[in-house]
Amino acid sequence: MTEPTGGGTVGYADRFDAGRRLAEYLSAYVGRRDVTVLGLPRGGVAVAAAVASRLGADLDVFCVRKLGVPWHRELAMGAVASGGVRVLNRDVVEQLGIDPEAVERATADEAAELTRRERIYRGDRPALDLAGRVAILVDDGIATGATARAAVTAVRRLGPSQVVLAVPVAPPDTLQTFTEIADEVICPLTPDIFEAVGRWYQNFAPTTDTEVRALLAGVPPDEPCS
């Protein structure tokens, strides 16, 4: 298992710049036919597109929806993800005494939204089969890590031979927790004073659904997506 790398202080121009620079740390996967790069929407898809372009790898989107506690939506009691996977934080569910019916209602609601978003992003194209492949999971950064943890767990259940988490920036203490659930963790920038993901980008404008669809359809990173 590879430890997180980095520790520098210089940020990125934008998500495409972050992806190109992140790809430099993934040179071992250049030209391999068994690699799929998965972007977490929306911002992670732009980073992933640049990574996939540099590696010559397949690109796909991996959707994750947080399951919020009914009376405190920002607190995650689990997540649903692409491939029909549900991950529950049993400690939160049990400690807060959340009713099983409430968990199922939240699951149904978020699964429906996840399906809607996948349809928007992928259209009629089927999800790529991850069985036996190297799955490189990419986001534009990690703050608390809740969504990324659910994504790593969900991807693992789809049968890849290896799960690599690759992000441009994350706080070192949060990143360290991923060494226990991912086969390899790559992060060039691990500032001790983190503040927020957007702090490390000169341009952190929101990625749109149109841009995500265009990137997944093969529009090269940096070209107009209209």
Side-chain angles (χ1 to χ4, degrees), residues 6 9-23 36-54 59-68 72-76 79-82 109-123 125 127 136-152 154-155 165-171 174-175 178 186-191 193-226:
T9 58
V10 179
Y12 305 100
D14 55 24
R15 291 181 178 86
F16 295 129
D17 176 49
R20 289 190 296 268
R21 291 166 61 182
L22 183 60
T36 299
V37 179
L38 300 166
L40 295 184
R42 298 183 183 99
V45 177
V47 181
V51 170
S53 178
R54 289 297 176 97
L59 172 68
D60 203 354
V61 64
F62 195 82
C63 294
V64 177
R65 294 288 298 174
K66 178 176 66 179
L67 300 177
H72 185 14
R73 297 289 184 180
E74 293 305 309
L75 177 60
V80 290
S82 295
D109 290 344
E110 295 301 339
E113 176 61 16
L114 185 146
T115 298
R116 187 188 73 83
R117 291 196 177 207
E118 285 192 318
R119 188 177 300 115
I120 290 173
Y121 297 147
R122 187 176 287 116
R125 293 180 297 112
I136 301 179
L137 193 63
V138 176
D139 204 353
D140 53 13
I142 293 175
T144 64
T147 301
R149 275 191 289 273
V152 170
V155 167
L165 177 66
V167 294
V169 60
T174 298
L175 199 66
F178 286 92
I186 301 294
C187 183
L189 183 56
T190 56
I193 301 177
F194 182 74
E195 297 181 4
V197 172
R199 155 74 174 78
W200 304 98
Y201 287 83
Q202 294 176 33
N203 179 359
F204 199 63
T207 303
T208 67
D209 286 342
T210 297
E211 290 169 333
V212 170
R213 288 195 300 268
L215 291 167
L216 293 172
V219 174
D222 287 342
E223 286 195 9
C225 294
S226 59

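Computed from a predicted model, the values in this text were never measured in an experiment.
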Student: Output yes when a side-chain donor or acceptor of Arg117 lies under 3.5 Å from a complementary backbone atom of Val64, and no otherwise.
Tutor: no
Student: From Leu165 CG over to Leu175 CG, what is the distance, rounded to the nearest 0.5 angstrom?
Tutor: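 Between atom CG of Leu165 and atom CG of Leu175 there are 7.0 Å.
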Student: If I compare all heavy atoms of Leu189 with all of Gly11, which pair ends up nearest, and what's the gap?
Tutor: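 Minimum heavy-atom separation between Leu189 and Gly11: CD2-CA, 4.1 Å.
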Student: What is the distance from atom CG of Asp139 to atom CG of Leu38, rounded to the nearest 0.5 Å?
Tutor: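 Nearest 0.5 Å value for the CG-CG distance: 11.5 Å.
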Student: Measure across Leu22 and Pro188 and return the closest heavy-atom pair with its distance rounded to 0.1 Å.
Tutor: CD1-CD, 3.5 Å
Student: To the nearest 0.5 Å, what is the distance between CD on Glu118 and CZ on Arg125?
Tutor: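 Taking CD in Glu118 and CZ in Arg125, the distance rounds to 11.0 Å.
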Student: About how many Å separate OG1 of Thr207 and CG of Leu215, when rounded to the nearest 0.5 Å?
Tutor: 8.0 Å
Student: Please find the pair of heavy atoms, one from Thr208 and one from Arg42, that lie closest to each other, and give the distance.
Tutor: C-CD, 4.0 Å
Student: Please report the shortest heavy-atom distance between Pro191 and Val169, naming the atom on each side.
Tutor: CD-CG2, 3.8 Å
Student: Would you say the side-chain atoms of Trp200 pair up with the backbone N or O of Phe194, donor to acceptor, closer than 3.5 Å?
Tutor: yes
Student: Could you tell me whether Arg122 and Asp60 have a side-chain N and a carboxylate O separated by less than 4.0 Å?
Tutor: yes
Student: Ignoring hydrogens and angles, tell me if any N or O in the side chain of Thr115 forms a donor-acceptor pair with the backbone of Ala111 under 3.5 Å.
Tutor: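 Side chain of Thr115 to backbone of Ala111: a pair is present.
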Student: Give the C-alpha distance, both sets of side-chain angles, the deciding distance and a yes or no for side-chain contact (heavy atoms from CB on, under 4.5 Å) between Arg20 and Arg54.
Tutor: CA-CA 7 Å; Arg20 289 190 296 268; Arg54 289 297 176 97; 2.9 Å; yes
Student: To the closest 0.5 Å, what do you measure between CZ (Arg65) and CG (Leu114)?
Tutor: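 It is 7.5 Å, given to the nearest 0.5 Å.
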Student: Do you see a donor-acceptor pair shorter than 3.5 Å between the side chains of Tyr201 and Asp14?
Tutor: no
Student: The test is side-chain contact (heavy atoms from CB on, under 4.5 Å); show your working for Thr210 and Arg213 and say whether it passes.
Tutor: CA-CA 5 Å; Thr210 297; Arg213 288 195 300 268; 3.4 Å; yes
Student: Hey, could you give me the SG/CD distance between Cys63 and Glu113, rounded to the nearest 0.5 Å?
Tutor: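 So the SG of Cys63 and the CD of Glu113 are separated by 9.5 Å.
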Student: Looking at Tyr121 and Val61, would you say the former's side chain and the latter's main chain have a donor-acceptor pair under 3.5 Å?
Tutor: no
Student: State, to 0.1 Å, how close Pro171 and Ala143 come at their nearest heavy-atom pair, and which atoms those are.
Tutor: CG-O, 3.7 Å
Student: Could you pull out the closest heavy-atom pair between Leu59 and Ala52, with the gap in Å?
Tutor: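 For Leu59 and Ala52, the tightest heavy-atom pair comes out as CB-CB, 4.0 Å.
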